[in-house]
Amino acid sequence: MAGGSSSSSSSHCLSYAGCNFLRQRLVLATLSGRPLKIRKIRAREEDPGLRDFEASFIRLIDKVTNGSRIEINQTGTTLYYQPGLLYGGSLEHDCSPSRSIGYYLESLLCLAPFMKHPLKIVLRGVTNDQVDPSVDNLKATALPLLKKFGIDGEGLEIKINRRGMPPKGGGEILFSCPVRKVLQPIQFTDPGKIKRIRGTAYSVRVSPQMANRMVESARGILNKFLPDIYIYTDHMKGVSSGKSPGFGMCLIAETINGTFLSAELASNPQGQGAAVLPEELGQNCAKLLLEEIYRGGCVDSTNQSLALLLMTLGQQDVSKVLLGPLSPYTIEFLRHLRSFFQIMFKIETKSPEEEHKGGEKVLMTCVGIGFSNLSKTIR
């Protein structure tokens, strides 16, 4: 679709089997304009086919595009998707409470800059859970990353109106993002030293003291390394606290060069698993942050694929980014990028030269495909 080379190949349909990486495939199909067929979606299981959260995701993709054709067979084990144009505009969507809003938001972050009209969407559901990146996390790490690529301005924000914890949810967020014709290439190879740690300890429908107890125990560990730590306590009351009780914490380390590394934990959902002590949760969250810092890189492990996608879609210029060890999700994403956009990254491993530099790093280099936002006509 972008450039003349791939328009001939955009007609042939890509086919995959299995339920894994459904979001990646739908997002890349939408951006590249290539039709997609996925077979054998949980065909062998007792409850075959698409789950409710995947069906909800497909409905969301249908909402943000115009003219998409989606065909699902009766058992839900085969999906055919012919992408339309990314349209955007003001929308709202009720996410399935079995996955958090982060599951949907991660993919919207990939698509939002390429809409025809700036996207303003209200998402309702679970804001924080134990599986997907929370809304707090994406707000603190993904938004600065978008800004690096030149997607910034008044219109870029994620606002949490209500929190919702699993299993019932009841949270609500607003995500808005401006559109860009082209993306800037990035050279982001030096993460720099960590200058401060910020975070949010939130509690809903439990004692507000829980948040303070998490903060105390997290500070107990992190204060050994850094004096500049501030963790906000966020206790939402009444209607803005959602429908289920719970608490949790999201920690962000910021470096002098504007790298954001994150870690987060949430309490067990009501009626599932043992009760978690807020002290333990705070300590474990701090340890997770230290692990993330050890892995390092210029983009934390949650946002690796977003960074690689934006590098791919940039102008025809070289982009470089230094990442920590690639997560299995990112590795699969690179394979998908190759099949949808015929783009290969140059991958160099960098071993830490000095003793105190953390784990092995990977330097990713690519030349953007010069993807221009086809829905944005030049007026």
Side-chain angles (χ1 to χ4, degrees), residues 19 22-23 26-27 50-61 63-64 91-110 112 121-143 157-176 199-206 208 210-211 214 232-252 262-276 278 281 284-285 288 302-303 306 329:
C19 64
L22 177 83
R23 288 181 303 163
L26 286 171
V27 164
L50 292 163
R51 296 275 176 271
D52 57 347
F53 61 87
E54 291 164 333
S56 175
F57 181 77
I58 294 167
R59 280 197 294 277
L60 175 64
I61 293 278
K63 276 181 194 171
V64 298
L91 301 164
E92 45 184 67
H93 182 70
D94 292 322
C95 306
S96 157
S98 47
R99 292 296 285 263
S100 92
I101 292 177
Y103 174 84
Y104 302 88
L105 192 55
E106 268 188 302
S107 297
L108 282 180
L109 285 161
C110 299
I121 186 165
V122 174
L123 297 169
R124 298 192 186 86
V126 174
T127 51
N128 305 77
D129 72 355
Q130 297 177 315
V131 191
D132 301 295
S134 69
V135 180
D136 303 83
N137 186 339
L138 292 171
K139 179 178 177 171
T141 57
L143 293 191
E157 69 159 348
I158 294 176
K159 191 171 161 206
I160 302 173
N161 297 331
R162 300 176 185 172
R163 278 193 193 280
M165 299 294 288
K168 291 202 182 102
E172 179 182 291
I173 69 139
L174 171 79
F175 169 51
S176 62
T200 311
Y202 56 87
S203 57
V204 290
R205 301 193 170 269
V206 294
M210 294 289 194
M214 285 187 286
Y232 299 89
T233 54
D234 175 2
H235 179 70
M236 286 198 168
K237 293 189 181 71
V239 71
S240 57
S241 65
K243 299 175 184 167
S244 298
F247 54 90
M249 178 178 232
C250 172
L251 292 173
I252 313 287
S262 67
E264 59 181 350
L265 275 180
S267 60
N268 288 331
Q270 185 184 15
Q272 297 171 29
V276 192
L281 194 136
N284 293 341
C285 194
L288 280 175
T302 341
N303 295 300
L306 176 61
Y329 188 77

Where Y202 and A266 come nearest, the two heavy atoms and their spacing: OH-CB, 3.7 Å
Look only at the side chain of N128 and the backbone of S134, and say whether a donor-acceptor pair between them is shorter than 3.5 Å. no
Any donor-acceptor pair under 3.5 Å from H93 side chain to S56 backbone: yes
So how far is it from E264 CD to N284 CG, rounded to the nearest 0.5 Å? 14.0 Å
So, using ring pair (Phe, Tyr, Trp, His ring centres under 6.0 Å) as the criterion, who are the partners of F53 when residues are at least two apart? Y103
Quick one: are R205 and S244 in side-chain contact, heavy atoms under 4.5 Å? no
Could you check whether any side-chain heavy atom of K159 comes within less than 4.5 Å of a side-chain heavy atom of S176, counting everything from C-beta outward? no
Any side-chain heavy-atom pair of E54 and S96 under 4.5 Å: no
Does L138 reach the side chain of N303, with side-chain heavy atoms less than 4.5 Å apart? yes
Would you confirm whether K63, through its side chain, and E92, through its main-chain N or O, come within 3.5 Å as a donor-acceptor pair? yes
Hey, which of T127, I160, V122 is the one that makes side chain to side chain contact (heavy atoms under 4.5 Å, CB included) with E172? V122
Test item: V135 and L123 side chains (from C-beta on) under 4.5 Å apart, heavy atoms: no
Residue list, salt bridge (Lys or Arg N to Asp or Glu O under 4.0 Å) with D136, at least two apart or on another chain: R163
Going by heavy atoms in the side chains, are R51 and S98 under 4.5 Å from each other? no
Looking at side-chain heavy atoms only, is the closest gap between M165 and S267 below 4.5 Å? yes
To the nearest 0.5 Å, what is the distance between OG (S100) and CD1 (I173)? 9.5 Å
